[in-house]
Structures are given as structure tokens and as C-alpha cells.
Amino acid sequence: MNPRGGRYPPPGMGGGGGGRGGGNMYPNPNANPNFQQRNPQQQYVQRNPMNHQQQHQQQHYQNQQQITQQQQWLRRSQQLAASDSSIDEVEKTVQSEALDQSSQDWKARLNIPAPDTRYRTEDVTATKGNEFEDYFLKRELLMGIYEKGFERPSPIQEESIPIALTGSDILARAKNGTGKTAAFCIPALEKIDQDVNAIQVVILVPTRELALQTSQICKELGKHLNIEVMVTTGGTSLKDDIMRLYQPVHLLVGTPGRILDLARKGICVLKDCSMLIMDEADKLLSPEFQPSIVQLIRFLPANRQILMFSATFPVTVKDFKDRFLQKPYVINLMDELTLKGITQFYAFVEERQKLHCLNTLFSKLQINQSIIFCNSVNRVELLAKKITELGYSCFYIHAKMLQDHRNRVFHDFRNGACRNLVCTDLFTRGIDIQAVNVVINFDFPKNSETYLHRVGRSGRFGHLGLAVNLITFEDRFNLYRIEQELGTEIKQIPPHIDQAIYCQ
Ligand SMILES: Nc1ncnc2c1ncn2[C@@H]1O[C@H](COP(=O)(O)OP(=O)(O)OP(=O)(O)O)[C@@H](O)[C@H]1O
Ligand SMILES: [Mg+2]
């Protein structure tokens, strides 16, 4: 194991890259029998981020006013008829009525974060206009959803939450950053019976950092429920996990290898686990993970429900789907593949000019936070060192670092402790850091799935973002192929980039 680590310069390992072989995704919606063309014209419902909350605030305000008026009336009555013995009773009645009213108004008492007023694209605004309340979720779950700052379900949440609640298997495809995590976490939390002491849901993800992020989201959404969430991944103490599993766990999030290990030891009992969720499902079905997944499924009951989510589904997923999913409901919201909010550029460079080019980008771009991808561990370490020498703040992360160090970098970068993060494909999938507005492919990826997931690290939840690709002579065919496969245009970088296209 390589104990190298450090905030700036060095380590890493080519993290394996995203999905496999290009050209396999089915961009044609008609290829999917259950795909229904969304008509943005018809389905688009103008989102006014303030409306919903305002309504409740207004209602709360009205209640408060009523209470104040009642109290004023009481005080006046008290002054006028201080001797009247019935006054106490009147006051009690009025107070209890006011209490009833305000306890009904549960939404007004939530601790809702300030609304995000940034511009959002149709990727998340083109909804049917559903409300989370339409799904008859537990009050405590709704409280967690609203306190997370979610006002209304995104398109993928509208499609998958009601279907998942029916118990049907799902294979769902939706663009990066459009809310797939909550699309499966919400039904999972809803279905868990907190009075039953058993693992009822397992969420599988391909990386440890994504496991931490996902378990955190489950905890936040389930904040008002008594659901025990546990995260388990490689790179941590197995003994600690075993000890933890002696305590109640309802929802287990983790990477396949560790969960399989615990299941085989008989420590992690999955006989009551009626829901298996595979996030980044196509990555979980790559040769690296698929054997573990297949073995893990054997520990689940026969009537389990399987939900598969990703932004990319190569046709290779079909075998697994036919073998393990029962009449799956297929959702495909990707009538186009790339995000509407992301502008993509390339700069044609020689290998030895890359650093100079990056320096120019740093000096010209308005970077809020950036993620810079390299194709190997060594290149990540070297580049991070060079960036630091140039005088820019920089962290790096890759799979060959010690887990504690990885966790610290992830945590600190998420909290904005540093502007730039250099990484391998370890961070290509699922990682959600809202402040990232620029992604740079210092090394161009080899396939379109990896490209799509990498650039999807910016422009989260319909926001604007920028992707810049440094292209060498050797990359030119890959550039062309990936553009074709994704049906997108990657333009040559202009001398000046308008901030309005990636900074709102
Ligand atoms: N209904 C909602 N309202 C507001 N924000 C939301 C909503 N749903 C999700 N988000 C936010 O959108 C961001 C992206 O969500 P998420 O990470 O689940 O996307 P994803 O579809 O899984 O993306 P990826 O394919 O990259 O994994 C998160 O910051 C999340 O908090
Ligand atoms: Mg995700």
C-alpha cells in the first residue's frame, strides 16, 4: 500500500475508468419499449422556487397574526374585566386552539435552507408538476425532504418514486446531477419498517466516497425517522463493521466486496432485505464488480425488488437485466445525452504544452471549484505537484491513497477548503459537489461513458458549467468518436469565454 498522500502533489491509480466500450449506449429513445417521449412544451410547469415555501410562510404568518390578535384581545379583556373569573378559561381555550393550529402547520416549523436561486435548465425543471406530498409519504420523511431544500420532485424522481413504491423492479436512466439518488433513497426510506430489526434495503455503489456521500444523504432525508443507516466499504476496519452489525441496521450502503464479505461470514444477514439498489449500475456490472453482485443476490430473498440507476446503460447490461429483474419498469429520460447547462470546449495541444495551457485556463477562467481529471495515478500526483508550484491551491485524490487520507481530501474539498482537485476516474461517477463549475480533462478519456460522467461533475441539478478538454494529436479520433456517440458538439475553445455561460 502506498502511504503517500498529501494535500498537493502526488499519488493515484487509474481508478479503472467509467463504463466500458463506447458506442453501446442506446441514445435512441425508441430502442426502449417503455420510453415515453417527454414533451417539454406540455409537461413543463413553470417552477417558481419561492411559491411553495412562500405559501407556507404566508400561512404561518397568518396563524401568527391570528394568535397575536387573540392574545391582544385577551389582554384587553383582562384589563376590562379583571375581576371576571371566566377569563382564565377563555385564555386556555384560545391558547389550546392556537397550539392545535400551529402543530398542524408542520411545514411552517421546518428548518428549510435558503432557496437556491441560481438558474436551472430544463433537465430538472421540465416536470409534470408533482409535489412530494402526492406520494403519500410518511410525514417524517417529507420533513427530511423539505429540510434538505427539495421543493418538488425532479423529472427522474417523478417517474421512479411512485413506481418504486409499488414494489416493481426498475431500470432507470437519467442525466447526471438530476437527482437519481433521492429517486431511490426516498422510496427506500418510505418502505423501511423501523420497528423491524433487520436490514431491509441495501444500496450498492462502486466507490467508497460515493458510499459515504449516499449514506449521508439517506441520513439527511431520514433525519426525522428512526431508521438506522450504516455505511460499509473496503479500506476500513472489518472488526468495527462486525461490531456495528450487532446493533440494529435497517439500511446498508456500501461497496460490493465488503458487503459480500460480511454476508459470507453470516454477520450481515440479508434474508429480510427486500430491496436491492444498484447505483451506477452499469459500472457495478463491469467485470470488476459483477461476480460479487451475482453472489450477493443469492443472499437476498426470492421476492426482492431490484432498482438499477445510471446515466449510462451500455447494452451489456441487458444480460443481467434479463437474468435478475422481474418485468422491470424501464425509465429512460435521456432523449439527449449531455446536460443542457454544460458548455464543452477543446484545446488542441502537444503533451508538453498541457501545463502551460492549464495555467492559462486558471488565469482566465472564473473557477468556483474545479475537478481536473488525469488518466493515471502517477499523472495525478505529478500534476498536483506542478499546479501547487504554479501557486494555485490544489488537492488530489486517487484509489492508491490511504482511506483516511482520501476521506479527508473529499471532506475538505466538499467544504470548499481548496479550489482545485486533481483526480483519477475515482471521482468520475456520482460525486456531487454543487460548487464545481469547471471540469478539465487534462487527459482525455477513452470512452463516451467516462466522458459523460466526468463532465457531469459540474452543472449539478440543472446549473451551468464548463468542460474543457486538452486534446493531443493521439486523442483526435477519440474526440471525434465521443462527439458522435454522445450526439454533442465539443467546440474549439475561443480566446474569451463569457462568464455568463458557466457562472450563474
Ligand atoms: N428535488 C430536488 N430539488 C432540489 N435539489 C435536488 C432535488 N433532487 C436532488 N437535488 C440535488 O441535486 C444534486 C444532484 O443529485 P444527485 O447526486 O442525486 O444526481 P444524480 O442524478 O445521481 O447524478 P449522477 O449521475 O452524477 O450520479 C444534489 O446536490 C441533490 O441534493
Ligand atoms: Mg448519482
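Note that the structure is a prediction, hence the values are computed from the model and not measured. Order of listing sets the numbers, starting from 1, for every ligand and every atom in it.
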Give me the atom names and distance for the closest heavy-atom approach of F413 to S370.
CZ-O, 3.4 Å
Regarding ligand 1, does R120 bring an N or O atom to under 3.5 Å of one of the ligand's N or O atoms?
no
Any heavy atom of K175 sitting closer than 4.0 Å to ligand 1?
yes
For ligand 1, note which part of R460 has a heavy atom under 4.0 Å away: side chain, backbone, both or neither.
side chain
Please compare G177, G462, A172, P155 and report which has the shortest non-hydrogen distance to atom 24 (P) of ligand 1.
G177
Any nitrogen or oxygen of Q157, main chain or side chain, under 3.5 Å from a nitrogen or oxygen of ligand 1?
yes
Could you check whether any side-chain heavy atom of Q434 comes within less than 4.5 Å of a side-chain heavy atom of R118, counting everything from C-beta outward?
yes
R152 heavy atoms within 4.0 Å reach ligand 1 at atoms 1 (N), 2 (C), 3 (N)
Basic-acidic side-chain contact under 4.0 Å: D282, R429:
yes
For E280, the ligand 1 atoms with a heavy-atom partner under 4.0 Å come out as 27 (O)
Just to verify, what does Q213 make a side chain to side chain donor-acceptor pair (under 3.5 Å) with, not counting sequence neighbours?
R414
For R457, atoms of ligand 1 separated by under 4.0 Å from a heavy atom
26 (O)
Whether N176 side chain and R460 backbone form a donor-acceptor pair below 3.5 Å:
no
Of the side chain and backbone of D432, name the one, both, or neither that has a heavy atom under 4.0 Å from an atom of ligand 1.
side chain
Which atoms of ligand 1 are found less than 4.0 Å from any heavy atom of G430?
27 (O)
Looking at ligand 1, does G456 have a heavy atom less than 4.0 Å from it?
no
Would you name the heavy atoms of L165 and K191 that are closest together and state the gap between them?
O-CE, 3.4 Å
Return yes or no for this condition: an N or O of A311 is under 3.5 Å from an N or O of ligand 1.
no
Would you call M278 and F324 a side-chain contact if the rule is heavy atoms closer than 4.5 Å?
no
Can an N or O of E151 be found at a distance shorter than 3.5 Å from an N or O of ligand 1?
no
Would you say the ring centers of F373 and F427 fall short of 6.0 Å from each other?
no
Taking atom CG of D404 as the centre, report whether more than 12 heavy atoms of other residues, nucleotides or ligands fall under 6.0 Å from it.
no
For the residue pair S458 and Y502, establish whether any side-chain heavy-atom pair is separated by less than 4.5 Å.
no
Is there any N or O on Q213 that sits under 3.5 Å from an N or O of ligand 1?
no
Should you measure from each heavy atom of T181, which atoms of ligand 1 turn up under 4.0 Å away?
16 (P), 17 (O), 18 (O), 22 (O)
Taking the minimum heavy-atom distance to atom 19 (O) of ligand 1, which of C185, A183, G179 ranks first?
G179
